[in-house]
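First the proteins, then the strands, lettered A, B, ... as listed; each starts at 1. Keep in mind that what you see is a predicted model, and the values were worked out from it rather than measured.
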Amino acid sequence: MSPTRHTDPPFRALPAQVDLPALEREVLRRWSSSGVFEQSLKQTEGGPSWVFYEGPPTANGQPGVHHVEARVFKDVFPRFKTMKGYHVERKAGWDCHGLPVEVAVEKELGLSGKKDIEEFGIAEFNDRCRESVLRNVDAFTELTERMGYWVDLSQAYRTMDASYVESVWWALKAIHGKGLLVRDFRISPYCPRCGTTLSDHELAQGYETVTDPSVYVRLPLTSGPLSGGADAASLLVWTTTPWTLVSNTAVAVHPEVEYVVATDGAERVVVAEPLLGAALGEGWTATGERFTGAQMERWTYRRPFELVEFAEPAHFVVLADYVTVEDGTGLVHQSPAFGEDDMRTCRAYGLPVVNPVRADGTFEQDLDLVGGVFFKTADATLVADLRERGLLFRHQDYEHSYPHCWRCHTALLYYALPSWYIRTTRIKDRLLAENERTNWYPATIKNGRYGEWLRNNIDWALSRSRYWGTPLPLWECPDSHITCVGSLAELGELAGRELSALDPHRPYVDDVTLPCPECGLTARRVPEVIDAWFDSGSMPFAQWGAPYRNQERFERSYPAQYICEAIDQTRGWFYSLMAVGTLVFDRSSYENVVCLGHILAEDGRKMSKHLGNILEPIPVMERHGADALRWFMAASGSPWAPRRVGHAALEEIVRKVLLTYWNTASFFVLYARAGEGWDPSRAAEAPPYAQRPLLDRWVLAELNRTVGEVDAALEDFDTARAGRRLTEFVDDLSNWYVRRSRRRFWGGAATPEGAAAFATLYECLEVLTRLMAPIVPFLTDYLWDVLRTPDAPESVHLASWPQVRTELLDPQLSERMALARRLVELGRTARATSGVRTRQPLGRAVVGAAGFDALSPELREVIADELNVAELHPLGAVGGELVDYTVKPNFRELGRRFGKQTPKVAAAVGAADPAGLVHRLRADGSVSLTAAELGEVRLEPGELVVTEQPREGWAVAAGAGETLALDLELSPELVRAGLAREVVRLVQDARKSSGLDISDRVDVWWSAADKELRRALTDFGPDIAAEVLAGTFAEGPGGSDATEHGDPDLGLSFRLARRG
RNA sequence: GGGCGUAUAGCUCAGUCGGUUAGAGCGCAUCCCUGAUAAGGAUGAGGCCCCAGGUUCAAGUCCUGGUACGCCCA
């Protein structure tokens, strides 16, 4: 026992009102000054490691509230695992390269396109990109710290650092060595404004719904059976990209589809038979002439425009299997420079690849009609020209989704360009196998969205014709020998000069030339940089600079146990990380991946500047607290589904969860500081668990059940389940345990009951605080600091994770308490419907419920007290003629036994007289009935659900087979007891409004106008006095310093004075 | 057009192994309780558990098809 205890209260006072954001700032200061995060890492150093990889946010643009979502999950599980003794390194990272950065800088500098950048100077441009990235890093750092995301920012990796770039080069060289890094000419989605091809994951982000012209064009046949003469037929082709007609090269048909000639009496066109109606509409009939696609091969036709030159023969019908009869005419216009299928088909016929569109998206200057015009803009001119020349068959608007540049919204071009690819299709089976052993949360992603993507894997278009990115480390000599360089040291050796300090970015690397190791000619670097996704996919080794630096550290942390991002990363980081790992190490770099749904604005739409529905993260946290936002992200709704965030949702979390928890702790501290005080060293004075009051045993059983369930939920990465259980427990603790136990706390810890109460509530709060710590690290740490014993860790985040004390679990008690609480609810309903308020004591209540007989006297006392009734009886004891019975079949049990015959038995139960049934059931322990076709069946009590209801004169409430009825008959004695309770309430109100402390003692003098009231005050005087801490409770005028109070309705007035 | 997901009270969402009065919170209304509380309790608006089939003694729950919405991709 501490000698100073009485003068020095055991706990700091907790105000009833709390400013959560202010509290969080205080906690942040403590974390920072004591280096709590660092301590948590140090403390677990010897422990098993649990590896987490930080998916680097693109340091481009400002952080939004949606960034908080993934960062909460990146924080909760490492904290949880740390408390379980794992060493969880958390190295921050920043994704620095990429087109978004370039576009932002271009905008800042007022540049437009690659030409401008090159005039501005690549060195200067890249410097600006580097600066821009660093600016945004600051904003992310602020967010990270404010939300309590513990990640080591001091040694964050940056994808633009030389050591990082070298690691990426090393990986590319390994891939090149396996023959998987190749150059190919392929049609790529290409942004003419940015002057670069886009990767598939970039492409995915830019689909927009647009209206394009949909045109049907006549191409008159010039050879074959349908050509010649006045009635020559035309091929009818359909396209939504009229600008590609300029370079029309061929028309493709499906070899097995039947094509027919149709006429409206004036002209003849060729279409696929199944599309005749859809393509031509009313008024067109087939002439009977029909050909298979194969028969039409090499028929020539007159091309739609004579604007470009064709050096080789072209403009005839070709065969292609990809042609469908889904829409259009079944005849497909071919322009090989602008379509992958077209390219493949035309190449097979040796047709030329004619491309009149320049890299900036405009037609070549010297063309008639469209020279210098942007490709998309040329549509209108071209369609008008077709119409004038009578070639336009039909023109309508066509709304479809067309890819746009995800950054600048320019319509993309499918364009033939030389490009570097990683042949991921060659390792598809390995990727599928690696995915097979990855745990996805939610599990449906694995074989659904992500698995689907892997099964349809296509080669990774790696190169970008841009500036701010990891340069592709390939040097090429005039004879096209390729040298792949894996480090600056190697580059120095090959170039014959010291290059270890070289900035491995453009333009500096471009200036390095080397003699080709094969032929000795001068090799120059290819101009491209790489897709920034390859950077982020390389982070497992590149963050350490491995293998050139920290190789051992890298090996120790590969693969990761845990990564987490939102669902948009399935084809982004989740893929690049798995792909790079599998390409380089033949092993995916992560084992568990949590994939979150998106955060939406309160109106259910995406947050966007246009809609004005953006919620800024820092102001939100300054209003509701970071803990509220964290709880929302972790536990509100399902993290797998899209969720709406707004002030209302956060306010609810503050009120229902955080403040309820706070108030429970505040209540505890208030009484622990009162009187002689209680501190954890007195826990030993409490009776052993088995001898504590029922309510204590119950709450400890619930506590330990909660520990087990929260632990299991978090092990399964299910924060929502953990949150639901915690919310329920906080509510049980506050609104049942504390509310029912208040008197024991008022009485202090001197009695065994009081000692048990303090020890029990302390234990609940201590364990609960540790359980909630990963999700709400601020509030829990503040309360931990108040509640902890001197020898406990100074922060809850340095404490250990609670373990279930199985000896305290008591499922039977949990179940019986649940029944008791259901009965209390029924009692309240009965009170409310009868209009007799709870303060008025009643003589008895009767209960009809299956488990009632098993309830202990202690538990019955809880019900009686809660309902303010003197006695509680089973309904059966009241007397047969007062009770009505309902008997229903228990289908679950009957179904198990009778299967198909269940309805017949159920019908027999329904037809029987309920009272007789119950009587026989109780007398004999079972009952036999005659069911149709089955004859006599004997039913056990468990196979029937008996509900009892009293008849007249009772206030009854029933639900789910359980009934509670209140006897409303009031004796004069009960009326007086009710009056006494009324007086207690009035005096308590007076105490409170006079600003008295809860432990202040008072004197009360009263006068009563009513005879019954006077008698009640006399009869119950000592009880009232004890309740309101009155030394004097007497009839009379009272002293002059006493304040006057009263209630005219009741006819009571009294004076109240604080006792010296 | 394809893949994946969602659909339950006015709103946001739970709903276990299929079992017969389908729940919670919020909002609103009326009332009750209150010496920890920004808290708690009761009642109310009569829920086409999206629709249609099917399996089953029994379907919000399982199966098939459809509709709407969302995301991802063509």
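Residues that satisfy the side chain to side chain donor-acceptor pair (under 3.5 Å) test with A:R828, not counting sequence neighbours, are A:E866. For the side chain to side chain donor-acceptor pair (under 3.5 Å) test, no residue two or more places apart in sequence or in another chain qualifies with A:Y450. Residues that satisfy the side chain to side chain donor-acceptor pair (under 3.5 Å) test with A:R985, not counting sequence neighbours, are A:E982. In this view, A:F891 and A:P889, A:T902, A:A906 satisfy the side-chain contact (heavy atoms from CB on, under 4.5 Å) rule, not counting sequence neighbours. Every residue two or more places apart in sequence or in another chain was checked for a side-chain contact (heavy atoms from CB on, under 4.5 Å) with A:E815, and none qualifies. For A:R821, the salt bridge (Lys or Arg N to Asp or Glu O under 4.0 Å) criterion is met by A:D732, not counting sequence neighbours. A:K428 meets the side-chain contact (heavy atoms from CB on, under 4.5 Å) test with A:L432, A:N457; sequence neighbours excluded. Under the side-chain contact (heavy atoms from CB on, under 4.5 Å) criterion, A:A720 pairs with A:P639, A:D718, A:R724, not counting sequence neighbours.
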key: Full working for salt bridge (charged side-chain N to carboxylate O under 4.0 Å, His left out) between A:E709 and A:R705   = CA-CA 6 Å; A:E709 288 181 19; A:R705 180 163 76 88; 3.1 Å; yes

key: Full working for salt bridge (charged side-chain N to carboxylate O under 4.0 Å, His left out) between A:R725 and A:E728   = CA-CA 5 Å; A:R725 181 85 278 275; A:E728 277 168 34; 3.0 Å; yes

note = For RNA chain B, the dot-bracket notation using Watson-Crick and G-U wobble pairs below 3.5 Å, [ ] for pseudoknot-type crossings and | for other-strand pairs, is (((((((..((((.....[...)))).(((((.......))))).....(((((..]....)))))))))))).

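Among the nucleotides B:G19, B:A36, B:U21, the one closest to any side-chain atom of A:V738 is B:A36. The A:R449 side chain lies nearest to B:C4 when the options are B:C4, B:C26, B:A36.
Salt-bridge check for A:E651 with A:R623: passed, with a basic side-chain N closer than 4.0 Å to an acidic carboxylate O.
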note = Scoring nucleotides 6-16 of chain B by protein non-hydrogen atoms under 4.0 Å (B base, S sugar-phosphate only, - none) yields ------S-S--

ask   = With the sugar-phosphate defined as primed atoms, P, OP1 and OP2, and the base as all remaining atoms, what B/S/- string results for nucleotides 37-43 of chain B, 5' to 3', for protein heavy atoms under 4.0 Å?
value = SBSSSSS

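A:T570 comes within 4.0 angstrom of no nucleic acid atom, judged by non-hydrogen atoms across all strands. Using a 4.0 Å heavy-atom cutoff across all strands shown, A:W662 reaches no nucleic acid atom at all.
Heavy-atom nearest nucleotides on RNA chain B were determined for A:L733 and for A:K888, and the one closer to the 5' end corresponds to A:K888. Taking for each of A:R985 and A:I567 the nucleotide of RNA chain B with the nearest heavy atom, the 5'-most of the two is the partner of A:R985.
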Please write out each protein N/O paired with an N/O of nucleotides 59-63 of chain B under 3.5 Å, distance rounded to 0.1 Å.
none

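The ring-ring contact (aromatic ring centres under 6.0 Å, His included) with A:F758 is formed by just one residue from the set A:Y671, A:F745, A:F11; it is A:F745.
Comparing B:G10 with B:A45, their C1' atoms are spaced 9 Å from each other, to the whole Å. If you take atom C1' in B:G44 and the same atom in B:U6, they sit 31 Å apart, rounded to whole Å. Atom P of B:U56 sits at a distance of 16 Å from the matching atom of B:C63, rounded to the whole Å.
The ring of A:F574 has its center no closer than 6.0 angstrom to the ring center of A:W453.
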